[in-house]
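Just so it is clear, the structure is predicted and the values come from calculations on it, not from any experiment.
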Amino acid sequence: MLKEYLAKYNFKQTDVLFPPTKKQCHIWVLRRNQLAKKLNQPELTKYRLYDLRHYFATMLYAKTKDILLVKQQLGHKRIEHTLIYTHLINFKTDEYISKAVQLGTPTTLKEICELAEAGFTKFTEIDGYQIFKKLKCNC
């Protein structure tokens, strides 16, 4: 889709597709402050752009309990960097083990078969992922 978008608007290799990080941060602060003022909620100004990434990672881990998936989605090289997101989650129940499979990947069918053989059943689909679960063994 990105290639189609670039072709449609005649982007060249020398064109800047995404603004530099400082500019993105500046735009975030500007829009966040405008929203806080409009809604008369000054507490909104405490949220950083980075907090959205942290929230995404925390929620993905909460839904899937698959730290390797979170590591992959964040682009981390080391699992230690990803583990900082797990300490915020207080699971109310540990009755299930969950795994996520990204739709459209070449190994999807193989992964799904392996999960089925291991006792997992499909639970739901979220943002292009199939989520599987199975009861934890309390042996």
Tell me the closest heavy-atom pair linking [X] and [Y], and the distance in Å.
| X | Y | answer |
| --- | --- | --- |
| Thr64 | Leu60 | OG1-O, 2.8 Å |
| Thr82 | His76 | OG1-ND1, 2.7 Å |
| Trp28 | Leu49 | NE1-N, 3.1 Å |
| Lys46 | Asp51 | O-OD2, 4.2 Å |
| Gln130 | Ile112 | OE1-CD1, 3.3 Å |
| Val101 | Glu111 | CG1-OE1, 3.7 Å |

With clusters defined by side-chain heavy atoms of hydrophobic residues (ILVMFWY) lying less than 4.5 Å apart, directly or transitively, does Leu44 cluster with Tyr50? no

Can you confirm whether Tyr47 is buried at OH, in the sense that more than 12 heavy atoms of other residues, nucleotides or ligands lie under 6.0 Å from that atom? no

Is it true that atom CD of Glu4 has more than 12 heavy atoms of other residues, nucleotides or ligands lying nearer than 6.0 Å? no

Test side chain to side chain contact (heavy atoms under 4.5 Å, CB included), reference Tyr61, set Ile67, Leu69, Asp66, output is Ile67

Taking Lys99 for its side chain and Ile131 for its backbone only, find out whether a donor-acceptor pair lies under 3.5 Å. no

Between Asn33 and Val29 (side chain of the first, backbone of the second, donor and acceptor by atom type, cut-off under 3.5 Å), is there such a pair? yes

Can you list the steps and then say if Lys134 with Thr121 is a side-chain contact (heavy atoms from CB on, under 4.5 Å)? CA-CA 6 Å; Lys134 76 173 183 177; Thr121 57; over 6 Å; no

[atom1]/[X] to [atom2]/[Y] distance, rounded to the nearest 0.5 angstrom?
| X | Y | atom1 | atom2 | answer |
| --- | --- | --- | --- | --- |
| Ile84 | Ile79 | CD1 | CD1 | 11.5 Å |
| Gln102 | Asp127 | CD | CG | 10.5 Å |
| His26 | Arg31 | NE2 | CZ | 9.0 Å |
| Lys133 | Lys122 | NZ | NZ | 13.5 Å |
| Ile126 | Met59 | CD1 | CE | 11.5 Å |
| Ser98 | Phe120 | OG | CZ | 7.5 Å |

Under the salt bridge (charged side-chain N to carboxylate O under 4.0 Å, His left out) test, which residues partner Glu80, sequence neighbours left out? Arg78

Please check if any side-chain donor atom of Tyr129 sits under 3.5 Å from a side-chain acceptor atom of Gln73, or the reverse. yes

Is there a side-chain contact between Glu114 and Lys110 in this structure, where contact means two heavy atoms from C-beta onward sitting under 4.5 Å apart? yes

